[in-house]
Amino acid sequence: MALKQAYEDRADRDFLEIAKQPENRHQKMVKMLWISIWLFYLSAPVTDLISGGHATGPRILGTLGLAAFVAWYLVLVFRTTRPMPVRRVLFSLAVLATQATVLSLTLGREWLVLFVYVAISSGAALPAEYSRWTVLGTTALLAVTANAVPGGTAYLAGLLIPALMGGFAMVGVRAMIRTTMELREARATVAQLAANEERLRMARDLHDLLGHSLSLITLKSELAGRMLPGQPDAAAQQVADIERVSRQALVDVREAVSGYRRPTLPGELAGARTALAAAGVVADLPAEPSGELPEEAESALAWSLREAVTNVVRHSGAKRCRVTLETLQTLDGPVLELTVTDDGSGGPGGPAAPGNGLTGLTERLAAVGGDLSAGSASRTGFALTARVPLALGSES
């Protein structure tokens with residue numbers, strides 16, 4: 001599942017880069033180049049203009065007609081990701097179909113290929129409820145025109161299938177573009193809702209932690225203020241209570257903040273999937289661990305996973321990364337083992353050699369009774385293994 005998710009995320013980004021509306025000159029050039037590649041199939045009309053034996057007049061008119069057809073086609077297809085009125089698109093398609101018909105009837109069967117471009121632009125520029133009919137209509141017009149052109153029926157069999165499949169393929173591409181964009185928007189919305197929910201949770205937790213303590217401090221402060229002139233001993237007792245409540249509130253806040261900052265394995269696995277996919281690394285990640293883990297053990301493994309994935313993304317140059325998480329039974333009791341391996345350039349003398357990051361991980365793991373090992377995985381690549389005992393309480 002993790003491998004499939006990485007491929008899907010990468011495909012979504014690449015697909016949207018081609019499909020989205022160009023925002024700068026570079027993107028416009030890339031999109032124009034991508035569209036222009038398919039103009040290669042206009043070689044038949046161009047060859048006919050050059051060596052088809054036409055007179056000068058028909059050759060000039062054919063050249064102008066072909067240039068006008070290509071320009072109109074490029075404008076129509078280039079603007080597919082920007083909403084256009086259906087009537088304007090239908091008018092443009094009618095102009096293209098008329099040009100294809102006139103050029104085919106006057107210059108010969110080599111020009112019948114223009115109908116394929118009409119079908120493709122129809123599927124690319126029109127909503128599906130219209131394009132499914134216009135593609136069929138364009139194909140029917142191709143058949144009629146081919147029968148009217150001398151020798152056109154010999155070309156008909158080789159053009160009907162490209163016209164139909166090209167037109168309906170563009171219908172599917174247009175639907176895929178729309179679906180992919182909607183999916184991206186939905187993901188952004190879900191992320192925003194999750195962030196809002198987390199802020200609300202933090203607000204509730206802080207209110208529950210500090211609301212009672214601050215109210216008690218306020219009441220005792222007012223009481224100490226009233227007692228101070230005539231009952232200094234009682235006022236001093238109230239001040240002592242204020243200090244005690246304040247210290248406890250400070251401890252509660254520190255524990256809460258520590259809990260917010262403490263990394264978790266599910267969160268780090270999700271972050272690793274995103275980071276590796278963004279770096280173009282194929283990720284093989286395990287499912288979230290089942291059962292309850294001691295907080296200290298989970299935090300230590302989560303830090304280890306974060307450090308290992310960061311090294312893979314920044315330094316290793318790896319193409320693949322595999323993460324395993326399994327419970328092992330040892331003589332000292334059950335341990336949870338995390339292993340991160342890659343096929344990059346890591347090794348004892350490579351960029352992933354032990355440094356401050358691995359030293360810090362070793363100290364974190366040692367604090368909870370765990371251990372860390374790191375080194376070359378095979379001929380190429382690097383492996384990091386972190387182990388923590390599952391029964392931390394029994395060792396104290």
If you round to the nearest 0.5 Å, how far is [atom2] of [Y] from [atom1] of [X]?
X: Arg109; Y: Leu159; atom1: CZ; atom2: CG; result: 11.0 Å
X: Leu365; Y: Leu358; atom1: CG; atom2: CG; result: 10.5 Å
X: Arg364; Y: Trp303; atom1: CZ; atom2: CH2; result: 5.0 Å
X: Ile217; Y: Glu243; atom1: CD1; atom2: CD; result: 11.0 Å
X: Gln329; Y: Leu390; atom1: CD; atom2: CG; result: 9.0 Å
X: Phe91; Y: Leu96; atom1: CZ; atom2: CG; result: 10.0 Å

Give a yes or no answer on whether the side chain of [X] reaches the backbone of [Y] with a donor-acceptor pair at less than 3.5 Å.
X: Ser122; Y: Val118; value: no
X: Ser299; Y: Glu295; value: no
X: Glu337; Y: Thr385; value: no
X: Ser104; Y: Thr101; value: no
X: Thr179; Y: Met176; value: no

Verify same cluster id: [X], [Y] (apolar side-chain graph, 4.5 Å):
X: Leu114; Y: Leu164; result: no
X: Leu112; Y: Ile50; result: yes
X: Val171; Y: Phe115; result: no
X: Leu160; Y: Trp111; result: yes
X: Val113; Y: Leu156; result: yes

To check you understand the geometry: which heavy-atom pair defines the closest contact between [X] and [Y], and what is its length?
X: Ala119; Y: Thr138; value: N-CG2, 3.8 Å
X: Val149; Y: Gly108; value: CG1-C, 3.7 Å
X: Ala235; Y: Ala224; value: CB-O, 3.8 Å
X: Ser304; Y: Ala386; value: OG-CB, 3.8 Å
X: Leu103; Y: Leu66; value: CD1-N, 4.2 Å
X: Phe382; Y: Gly375; value: CD1-O, 3.3 Å

(message) Could you go through Val309 and Val313, starting from their C-alpha distance and side-chain angles, then the distance that decides it, and tell me whether this counts as side-chain contact (heavy atoms from CB on, under 4.5 Å)?
(response) CA-CA 6 Å; Val309 170; Val313 171; 4.2 Å; yes
(message) Taking side-chain contact (heavy atoms from CB on, under 4.5 Å) as the criterion, tell me which of Asp342, Asn311, Val281 meets it with Ser316.
(response)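 Checked Asp342, Asn311, Val281 against Ser316; only one passes side-chain contact (heavy atoms from CB on, under 4.5 Å): Asp342.
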Are [X] and [Y] side-chain neighbours, meaning at least one heavy-atom pair lies under 4.5 Å?
X: Arg59; Y: Thr56; result: no
X: Val388; Y: Glu298; result: no
X: Thr310; Y: Arg306; result: yes
X: Val70; Y: Tyr117; result: no
X: Leu219; Y: Leu223; result: no

(request) Take Lys319 and Asp343 through the test salt bridge (charged side-chain N to carboxylate O under 4.0 Å, His left out) and record every step on the way to the result. (result) CA-CA 6 Å; Lys319 299 298 182 183; Asp343 61 352; over 6 Å; no
(request) Start with the C-alpha gap between Asp233 and Gln237, add the side-chain angles, then the distance that decides, and say whether side chain to side chain donor-acceptor pair (under 3.5 Å) holds. (result) CA-CA 6 Å; Asp233 294 338; Gln237 180 61 42; over 6 Å; no
(request) Give the C-alpha distance, both sets of side-chain angles, the deciding distance and a yes or no for side-chain contact (heavy atoms from CB on, under 4.5 Å) between Val135 and Leu126. (result) CA-CA 10 Å; Val135 171; Leu126 279 175; over 6 Å; no
Please determine whether the number of non-hydrogen atoms from other residues, nucleotides or ligands lying under 6.0 Å from atom [atom1] of [X] exceeds 12.
X: Arg387; atom1: CZ; value: yes
X: Ile161; atom1: CD1; value: no
X: Met227; atom1: CE; value: yes

(request) For the pair Thr339 and Glu326, evaluate side-chain contact (heavy atoms from CB on, under 4.5 Å) and give the outcome as yes or no after the intermediate values. (result) CA-CA 9 Å; Thr339 303; Glu326 55 184 346; 5.7 Å; no
(message) As a quick check of understanding, evaluate side-chain contact (heavy atoms from CB on, under 4.5 Å) for Leu325 and Leu338, giving each step before the final call.
(response) CA-CA 5 Å; Leu325 192 63; Leu338 170 75; 3.9 Å; yes
(request) Please write out which residues are connected to Leu328 in a hydrophobic cluster, directly or through intermediates, given that two of Ile, Leu, Val, Met, Phe, Trp, Tyr count as joined at side-chain heavy-atom separations below 4.5 angstrom. (result)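 Other cluster members: Val335.
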(request) Would you please say whether a donor-acceptor pair under 3.5 Å links the side chains of Asn196 and Gln192? (result)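 Gln192 and Asn196 do have a side-chain donor-acceptor pair below 3.5 Å.
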